[in-house]
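Only one structure is covered here, and it is reproduced in the block below.
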Amino acid sequence: MTKKIIVAIDGYSSCGKSSMARALAKEIDYIYIDTGAMYRGVTLFALRKGFIQDGKIQEDKLREALSEVSLSFHKAHEHATPELYLNGENVEQAIRTMEVAGSVSPIAALGFVREFLTRQQQAFGQGGGVVMDGRDIGTAVFPQAELKIFVTADPKIRAERRLAELRSKGDETSSLEDVLENLSQRDYIDTHREVAPLRQAEDAIVLDNSHLTIAEQDALLRSYFERATQD
Ligand code: DC
């Protein structure tokens with residue numbers, strides 16, 4: 001039997017990482033872990049607890065309360081996408097709002113939050129057979145991953161895709177400018193933070209999907225996977 005590897009998919013916000021990671025995991029029967037969802041889960045927790053007021057995070061309170069946060073992924077059925085649970089509650093919808101998106105990057109910049117989640121991500125991927133997407137998977141969480149992909153796309157195209165997704169979920173108010181502004185803020189914070197900033201690992205393959213269809217990008221990713229498992 002071929003060895004089960006770790007596939008690390010990193011890149012900017014809203015450039016289709018999760019969709020391609022999910023599709024690959026399904027096809028090759030690997031576990032899919034959306035680490036962005038975990039940062040969003042902690043953000044939702046902090047918002048609900050009132051630890052984020054006017055954009056300011058009460059770091060000490062969050063640090064103290066972090067041991068109350070239990071995150072896990074569960075599938076509704078065998079072929080479903082894993083969904084995030086926060087302390088036993090399915091929060092898959094609640095973590096995808098603009099409110100959470102607006103606070104998640106500063107939360108993800110906190111060293112103690114990263115440590116807390118990185119440990120769990122490493123435990124999830126311990127035995128291999130996992131496709132994990134995020135910002136620091138190939139650089140910090142699994143620097144030894146056998147396959148690393150760095151995904152990019154034109155910012156305007158990313159904003160248009162994200163807006164379409166928000167509209168499909170019933171958000172009628174956010175404009176393209178709002179989404180573009182949120183994306184560029186997140187890109188800036190994600191690439192400039194001190195702990196595990198978003199950057200391309202030296203041995204990562206760059207995949208720019210600005211002008212690729214979903215089928216084309218999935219096929220490309222699959223070909224990289226085949227190559228990595230043949231070596
Ligand atoms: O992929 P996403 O948009 O759901 O990620 C939400 C935020 O979490 C994003 O602004 C950056 C952060 N993040 C991170 O810092 N490290 C990860 N491994 C995954 C996400």
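For ligands, and for the atoms within them, numbers begin at 1 and follow the listed sequence.
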Report the C-alpha distance between Tyr30 and Phe225 in whole Å, list the side-chain angles of each, state the deciding distance to 0.1 Å, and finish with yes or no for ring pair (Phe, Tyr, Trp, His ring centres under 6.0 Å).
-> CA-CA 12 Å; Tyr30 272 28; Phe225 172 78; 5.6 Å; yes
Output, in order, the C-alpha distance, side-chain angles, deciding distance and verdict of side-chain hydrogen bond (donor to acceptor under 3.5 Å, both in side chains) for Glu181 and Gln185.
-> CA-CA 6 Å; Glu181 170 68 18; Gln185 264 176 15; 3.0 Å; yes
Below 4.0 angstrom from a heavy atom of Gly134, which ligand 1 atoms are there? Numbered from 1 as shown, please.
-> 17 (C), 18 (N), 19 (C)
Atoms of ligand 1 under 4.0 Å from any heavy atom of Ala108, numbered from 1 in the order shown, are 12 (C), 15 (O)
Considering heavy atoms of the protein only, find what lies nearest to atom 10 (O) of ligand 1 and give residue, atom and distance to 0.1 Å.
-> Ser105 OG, 2.8 Å
For ligand 1, which part of Arg193 has a heavy atom less than 4.0 Å away: the side chain, the backbone, both, or neither?
-> side chain
If you measure every N/O of Asp133 against every N/O of ligand 1, is any gap under 3.5 Å?
-> no
Can you tell me how far the CG atom of Leu47 sits from the CZ atom of Arg40, to the nearest 0.5 Å?
-> 12.0 Å
Side chain, backbone, both or neither: which part of Arg186 has a heavy atom under 4.0 Å from ligand 1?
-> side chain
Should Arg96 and Glu165 count as an ion pair when the cut-off is N to O under 4.0 Å?
-> no
Closest protein heavy atom (residue, atom, distance) for atom 18 (N) of ligand 1 | Asp136 OD1, 2.8 Å
Pull out every atom of ligand 1 sitting under 4.0 Å from any heavy atom of Thr35, numbered as shown with elements.
-> 17 (C), 18 (N), 19 (C)
Return yes if some donor-acceptor pair links the side-chain N/O of Asp10 with the main-chain N/O of Arg135 below 3.5 Å, else return no.
-> yes
Exceeds 12 heavy-atom contacts within 6.0 angstrom, atom CD1 of Ile214 = no
Which atoms of ligand 1 are found less than 4.0 Å from any heavy atom of Val104?
-> 6 (C), 7 (C), 8 (O), 10 (O)
So which heavy atom in the protein is nearest atom 9 (C) of ligand 1, and how far is it from that ligand atom?
-> Arg135 NH2, 3.3 Å
If only atom types and distance count, is the side chain of Asn209 paired as donor or acceptor with the main-chain N or O of Leu212 below 3.5 Å?
-> no
Ionic contact status for Arg114 with Asp136, cut-off 4.0 Å = yes
Can you tell me which residue and heavy atom of the protein come closest to atom 4 (O) of ligand 1, and the distance to 0.1 Å?
-> Arg40 NE, 2.7 Å
Nearest non-hydrogen partners of Asp190 and Ser105, listed with the distance = OD1-OG, 3.1 Å
Measuring from the heavy atoms of Arg114, does anything fall under 4.0 Å of ligand 1?
-> yes
Heavy-atom gap Met38 to ligand 1 smaller than 4.0 Å = no
